[in-house]
Amino acid sequence: MIGGEWVEGDGAAAATINPADDTAVAVYHPADSRHVDAAITAAVAARREWDEMGIIARGLILRRSAEILADRAETVAVLMTREQGKTLPESRAEVGATVETLHYHAAQARSADGVTYPSSHPDELIRTVRRPLGVVAAITPWNFPLQIPAWKLAPALLWGNTVVWKPASDTVAVAAAFAAILVDAGIPAGVLNMILGPGSIGAELVAHESVSGVTFTGSVPVGRSIQAATVPRGAKVQMELGGHNAAIVMPDSDPAQAAAVLVGAAMGSTGQKCTATRRIIAVGEAYDDLVAELTALVGALSVGDGSDPATQIGPLVSARAAKEVAAAVEQALEEGAELLARAPLPDSGGAYVAPTLLAGTPALTVCREEVFGPVVTVLRAENLDEAIDIANSTPFGLTAAVFTDDEHVVRRCIRELEAGLVKVNAPNTGSELHAPFGGLKDSSFPAPREQNAASSADFFTWSKTAYVRPGAPRSRR
């Protein structure tokens, strides 16, 4: 979608595939360099009118988009399950969360947009003023094909930016449905442009000199390349780059309660969450009871087509992704990991990998490199000191969790765990849209972390400070 028009790409036909049964969901022709240039040109041309419309009018358009998405919720959820593979209840929940995200940012239009300060000059007013960056490039992943784009697009648009959006190639039908909703809500031509294509198209987009800001969710290597392409020219960059999230379980916690929460956090959405629990660190005597509970729960999980009401865990997004996760599990077993539990798989084809519970040591590759699937490893720690050291032993720092009734342990973990989000007696996954979200270390780089909340305005705008004095009154004749 370029300049308000749906345009067919020039690349060879590509298709998105239902990972549950290998059938085609959508066929499209990828964009090329010409389309990237046209999309950016359209975004530049639309900037002034969109800015001059005013924030309240822009907020009303976001509110209307929330209403339209709510009306189309079931259709979009079914499409998401077909194209991405997550279970239908998970898709419905994502659609609902996206509606709330749009309403939240729409409401931000009526919040204070600056701060006033006293001046040493009695007649002077000092105030801050927010101004849009200009053209923002948004590159979004396939694991949350609706909600993560909304996290980025809604505040970017609200604060007066125009956008060129490149969604993931595995979920283009969901992206097109969302783009159509925003257009139907009244987004003017050229304000939101969407280009479909491979990673090379995204690289061209972020390198363009007219792009003033980039918001990206994806892998560390791609994030580093984006940083190298944008920072030297002074563009703003916001990145969320995955995690290797640990949960510490103390001996005073309820093993059944902790296990139930952690299996959901590790295996939900087929483990395809940056915030998913990857390592469970059992401290001291917590280990045996916890492992028994985890083993029973993982082995009983129901795996199948996400559209089946009996399914708890759907397929991975693609056969390629399934192959990578299966290879990581086999490597862990070759390195000495113990297989504790593995859920049964359906007899039909599809991109399925069994939810897997391993036991091992921090030296395992699977405990150091992110495996984006339903795989979790249980580790032993003698005490809290060792548990915190293990939790902090990867380059990532997105989420961490601790299960305990000891307030002293809670305070220490909040202080010492190297993660942007720390959960207490709660899953690593999940966040509130009005609270800042983002990681530390390689999960975000030293850059603005917030992808949500009112603080997202700090990324999507430049802030100016204005000193205003009244002019001298004219003398009367």
Side-chain angles (χ1 to χ4, degrees), residues 243-273 275-304 311-316 321-346 352-383 386-387 390-391 393-394 399-404 427-429:
H244 207 305
N245 313 297
I248 296 172
V249 181
M250 298 298 291
D252 66 330
S253 64
D254 181 337
Q257 185 264 345
V261 170
L262 290 173
V263 167
M267 306 301 177
S269 294
T270 321
Q272 296 173 126
K273 294 182 179 181
T275 55
T277 306
R278 306 293 180 198
R279 296 167 294 149
I280 300 172
I281 305 167
V283 178
E285 62 186 23
Y287 187 89
D288 290 338
D289 289 344
L290 181 66
V291 164
E293 297 285 351
L294 291 168
T295 299
L297 290 172
V298 171
L301 291 171
S302 173
V303 181
T311 294
Q312 295 172 289
I313 309 296
L316 274 81
K323 184 177 179 180
E324 291 173 357
V325 173
V329 172
E330 290 307 308
Q331 181 181 1
L333 295 173
E334 291 172 2
E335 292 175 354
E338 178 186 358
L339 178 61
L340 297 177
R342 188 177 261 170
L345 291 178
Y352 295 104
V353 171
T356 301
L357 177 67
L358 302 171
T361 71
L364 294 171
T365 302
V366 74
C367 290
R368 293 181 284 107
E369 298 178 4
E370 186 176 28
V371 177
F372 215 59
V375 181
V376 66
T377 306
V378 185
L379 306 168
R380 292 179 182 266
E382 292 300 318
N383 50 50
E386 184 182 6
I390 293 172
S393 64
T394 75
T399 73
V402 59
F403 290 78
T404 183
N428 292 73
T429 54

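These figures come from a predicted structure and were not determined experimentally. Basis for what follows: all heavy atoms, side chains included, without hydrogens, waters or symmetry-related copies.
Nearest heavy atom pair, residue A381 against residue I390, reads CB-CD1, 4.3 Å. Here the closest non-hydrogen pair linking L379 and P362 is CD2-N, 3.9 Å. Minimum interatomic distance between T394 and C367 (heavy atoms only, all atoms of both residues): CG2-O, 3.6 Å. Minimum heavy-atom separation, V283 to A387: CG2-CB, 3.7 Å. Residues I248 and A391 approach most closely at CD1-CB, 4.4 Å, considering heavy atoms. Nearest heavy atom pair, residue L316 against residue P374, reads CD1-CD, 4.0 Å.
Partners of F372 according to the ring pair (Phe, Tyr, Trp, His ring centres under 6.0 Å) rule, which considers only residues two or more places apart in sequence or in another chain, are W142.
Between M267 and V298 there is a side-chain heavy-atom pair separated by less than 4.5 Å. Counting only heavy atoms from C-beta outward, the side chains of P344 and V303 never approach each other to under 4.5 Å. Residues V376 and I280 form a side-chain contact, since some pair of their non-hydrogen atoms from C-beta on lies under 4.5 Å apart. Counting only heavy atoms from C-beta outward, the side chains of T365 and E335 approach each other to under 4.5 Å.
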Check the pair L340 / L294 against side chain to side chain contact (heavy atoms under 4.5 Å, CB included), numbers first and verdict last.
-> CA-CA 9 Å; L340 297 177; L294 291 168; over 6 Å; no
Chi angles and distances behind the side chain to side chain contact (heavy atoms under 4.5 Å, CB included) call for V353, L345 = CA-CA 7 Å; V353 171; L345 291 178; 5.8 Å; no
Go through the steps for T275 and N428 under the test side-chain hydrogen bond (donor to acceptor under 3.5 Å, both in side chains), then give the verdict.
-> CA-CA 6 Å; T275 55; N428 292 73; over 6 Å; no
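For residues 283-304, no pair satisfies side chain to side chain donor-acceptor pair (under 3.5 Å), with sequence neighbours left out. Legend: side chain to side chain donor-acceptor pair (under 3.5 Å) pairs involving residues 244-256, not counting sequence neighbours, sorted by first then second residue: H244-R279, N245-T399, D252-T404.
In this structure, CZ on R380 lies 11.0 Å from CG on L290, to the nearest 0.5 angstrom. Once rounded to the nearest 0.5 Å, the distance linking CD1 of I281 with CZ of F403 reads 12.0 Å. Separating the CG atom in L333 from the OG1 atom in T356 is a distance of 8.0 Å, to the nearest 0.5 Å. Taking CD1 of I313 as the reference point, atom OH of Y352 lies at 11.5 Å (rounded to 0.5 Å).
When each of L357, V375, V329, L358 is checked for a side chain to side chain contact (heavy atoms under 4.5 Å, CB included) with R342, only V329 meets the rule.
In this structure, T429 contributes its side chain and A276 its backbone to no donor-acceptor pair below 3.5 Å. Between the side chain of R368 and the backbone N or O of S393 there is no donor-acceptor pair closer than 3.5 Å.
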